[in-house]
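Please read the structure below before turning to the comments.
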Amino acid sequence: VIPEGSPTNSSTLEVYFSVSGKKQEVACQLDGKAPGPCKSPVIFTELGSGSHTLAITGDSGGIAAAYAWVIDKTSPEINFIETPNGVTNETSAQFAFQANEAASFQCALDDQGFTNCESPIRFNNLSEGSHQFSVRASDAVGNGSQVKSYLWQIDTTSPSVTFLGATPAQRISNIGDLSVSFAASEPSTFLCGVDDGSVIACSSPFQVQNLAEGGHSVSVVATDQAGNIGSPMRYEWKIDLTPPSVTVHMMAPVSLPAHDTSATFDIIANELGALTCYLDGHAVDPCVAPLQLTNLGEGMHRFEVAPVDL
């Protein structure tokens, strides 16, 4: 017999009783229903959850004994109050949890077995990778809860940035605009800066416009979902808006007019680039210094050099 008033999760009740004095006909009445003859021990089965009463009466019709108890078949439910972020770079984790009724708890981390625990519980020095915390509860009458689990990822590796391309593609350009594309080694957010100036949130492709002539750079920093910050990656290029200049010096003949049918020219450019030579409006290839022209016909001739920088 369960102590009167104590809860149980059993749907069966077995009661022993004795009758003192003269022999009497005893009746048992369950939960206020019609009484029926009974003798000790009396057994009730398939009882539902909730409060129950048992009254035992004798010949006199009065209640000789009464018994009350509670059947609790409801499993406790667990809620998490505190958990780590789903993706984090923290190698420690704290969990807080509670049940919807008074209960004791058992906890397990990853593939370890369940052990008795209390809320909150903390784990330290966890390895990088996926982890799972599980907790289960048992109430005062032994009803067990379903296992409540939480999955999270520890990521301590910083992301890296790779440049995928730029428009214009040349590292020396005569355009004051640039569009540069990039990607990170894992899902990330980005900060971009131009020429070591202030950084702004950005995405790929990142575009800059109306830059002045000279050297420039774009720096990109990635931050992953765990909060790890990668090293800045820099893309450098040069804007050249100044046309090149070239000096042409006639090395031979040394005086004009000349009787020679050949001529030699020295060509000096102020910067690297391609040169195109023209004789009387026709391209001469190759255009390299010193350049010798032969088999020239009688009459006036014109030699020109058009430079194109890089």
Side-chain angles (χ1 to χ4, degrees), residues 79-97 107-112 120-135 147-242 272 309-310:
N79 290 313
F80 284 120
I81 302 171
E82 179 184 0
T83 62
N85 291 332
V87 180
T88 179
N89 57 7
E90 295 289 337
T91 57
S92 60
Q94 180 164 300
F95 292 86
F97 44 87
C107 300
L109 178 65
D110 297 333
D111 56 358
Q112 302 173 13
I121 185 171
R122 185 175 182 84
F123 302 96
N124 297 311
N125 302 318
L126 298 174
S127 62
E128 186 171 26
S130 297
H131 294 276
Q132 176 175 292
F133 170 74
S134 300
V135 58
V147 174
K148 184 87 168 181
S149 296
Y150 183 84
L151 291 168
W152 82 105
Q153 180 84 17
I154 295 178
D155 175 10
T156 59
T157 302
S158 298
S160 59
V161 173
T162 301
F163 286 110
L164 304 178
T167 303
Q170 299 83 1
R171 292 293 182 129
I172 300 178
S173 168
N174 61 357
I175 300 175
D177 303 337
L178 178 78
S179 176
V180 61
S181 299
F182 49 85
S185 56
E186 58 183 295
S188 300
T189 58
F190 300 96
L191 293 175
C192 296
V194 179
D195 297 337
D196 298 323
S198 59
V199 297
I200 60 172
C202 61
S203 59
S204 177
F206 177 66
Q207 298 179 342
V208 291
Q209 296 178 323
N210 301 321
L211 295 177
E213 185 173 27
H216 295 281
S217 66
V218 167
S219 297
V220 182
V221 176
T223 302
D224 65 18
Q225 294 176 335
N228 299 303
I229 301 175
S231 299
M233 291 296 293
R234 182 185 296 264
Y235 181 87
E236 297 180 334
W237 80 107
K238 181 180 180 180
I239 296 175
D240 181 2
L241 303 177
T242 303
L272 294 176
D309 61 16
L310 298 177

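These values consider heavy atoms only, across backbone and side chains, with no hydrogens, waters or symmetry-generated copies.
- Between the side chain of Ser158 and the backbone N or O of Ile229 there is at least one donor-acceptor pair closer than 3.5 Å.
- Once rounded to the nearest 0.5 Å, the distance linking CD1 of Ile239 with CD1 of Ile172 reads 11.5 Å.
- Here the straight-line distance linking atom CG of Asn124 with atom CD of Gln94 works out to 9.5 Å at 0.5 Å rounding.
- Distance alone, capped at 3.5 Å, is enough to place a donor-acceptor pair between the Asn228 side chain and the Asp155 backbone.
- With sequence neighbours left out, Asp111 forms a salt bridge (charged side-chain N to carboxylate O under 4.0 Å, His left out) with no residue at all.
- Closest approach of Val147 to Ser134, counting heavy atoms only: CG1-CB, 3.7 Å.
- The two residues Ser204 and Ser181 have their closest heavy-atom pair at OG-CA, 3.3 Å.
- Applying the side-chain hydrogen bond (donor to acceptor under 3.5 Å, both in side chains) criterion to Ser231, with sequence neighbours excluded, gives no partner residue.
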Test log, rule side-chain contact (heavy atoms from CB on, under 4.5 Å), inputs Trp237 and Leu178:
CA-CA 9 Å; Trp237 80 107; Leu178 178 78; 3.4 Å; yes

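- Separating the OG1 atom in Thr156 from the CG atom in Leu126 is a distance of 11.5 Å, to the nearest 0.5 Å.
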With side-chain contact (heavy atoms from CB on, under 4.5 Å) as the test, would you mind laying out the steps for Phe123 and Asp110 before giving the verdict?
CA-CA 12 Å; Phe123 302 96; Asp110 297 333; over 6 Å; no

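- In this structure, Ser127 and Ile154 approach most closely via the heavy-atom pair O-CD1, 3.6 Å.
- Rounding to the nearest 0.5 angstrom, the gap separating the CD atom in Glu236 from the NE2 atom in His216 is 11.5 Å.
- Residues satisfying the side-chain hydrogen bond (donor to acceptor under 3.5 Å, both in side chains) criterion with Ser179, sequence neighbours excluded, are absent altogether.
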ring-ring contact (aromatic ring centres under 6.0 Å, His included), that's the test. Do Phe190 and Phe182 meet it? Break it down for me.
CA-CA 10 Å; Phe190 300 96; Phe182 49 85; 5.0 Å; yes

Evaluate Arg171 against Tyr235 for side-chain contact (heavy atoms from CB on, under 4.5 Å), listing each step before the verdict.
CA-CA 9 Å; Arg171 292 293 182 129; Tyr235 181 87; 3.4 Å; yes

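- Between the Glu128 side chain and the Thr157 main chain, a donor and an acceptor come within less than 3.5 Å of each other.
- Residues forming a ring-ring contact (aromatic ring centres under 6.0 Å, His included) with Phe95 (at least two apart in sequence, or on another chain): Phe133, Tyr150, Trp152.
- Glu213 meets the side-chain hydrogen bond (donor to acceptor under 3.5 Å, both in side chains) test with Thr242; sequence neighbours excluded.
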side-chain contact (heavy atoms from CB on, under 4.5 Å) between Asn210 and Asp177, intermediate numbers included
CA-CA 6 Å; Asn210 301 321; Asp177 303 337; 4.1 Å; yes

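- For the pair Arg234 and Phe163, the NZ or CZ position fails the cation-pi test of under 6.0 Å to the six-membered ring centre and within 45 degrees of the ring normal.
- Residue pairs that meet the disulfide (SG to SG under 2.5 Å) test with at least one member in residues 150-226, sequence neighbours left out, are Cys192-Cys202.
- No donor-acceptor pair under 3.5 Å is formed between the side chain of Asp195 and the backbone N or O of Gly197.
- The two residues Leu241 and Ile175 have their closest heavy-atom pair at CD2-N, 4.4 Å.
- Annotation: the span from Phe97 atom CZ to Ile81 atom CD1 amounts to 9.0 Å, rounded to 0.5 Å.
- Across every non-hydrogen atom of Thr88 and Glu90, the tightest pair is OG1-N, 3.0 Å.
- Distance check, rounded to the nearest 0.5 Å: CG of Asn85 to CD of Gln225 gives 11.0 Å.
- Between Gln153 and Ser130 the shortest heavy-atom distance is OE1-OG, 2.6 Å.
- Ser185 contributes a side-chain N or O that, together with a main-chain N or O of Ser160, makes up a donor-acceptor pair within less than 3.5 Å.
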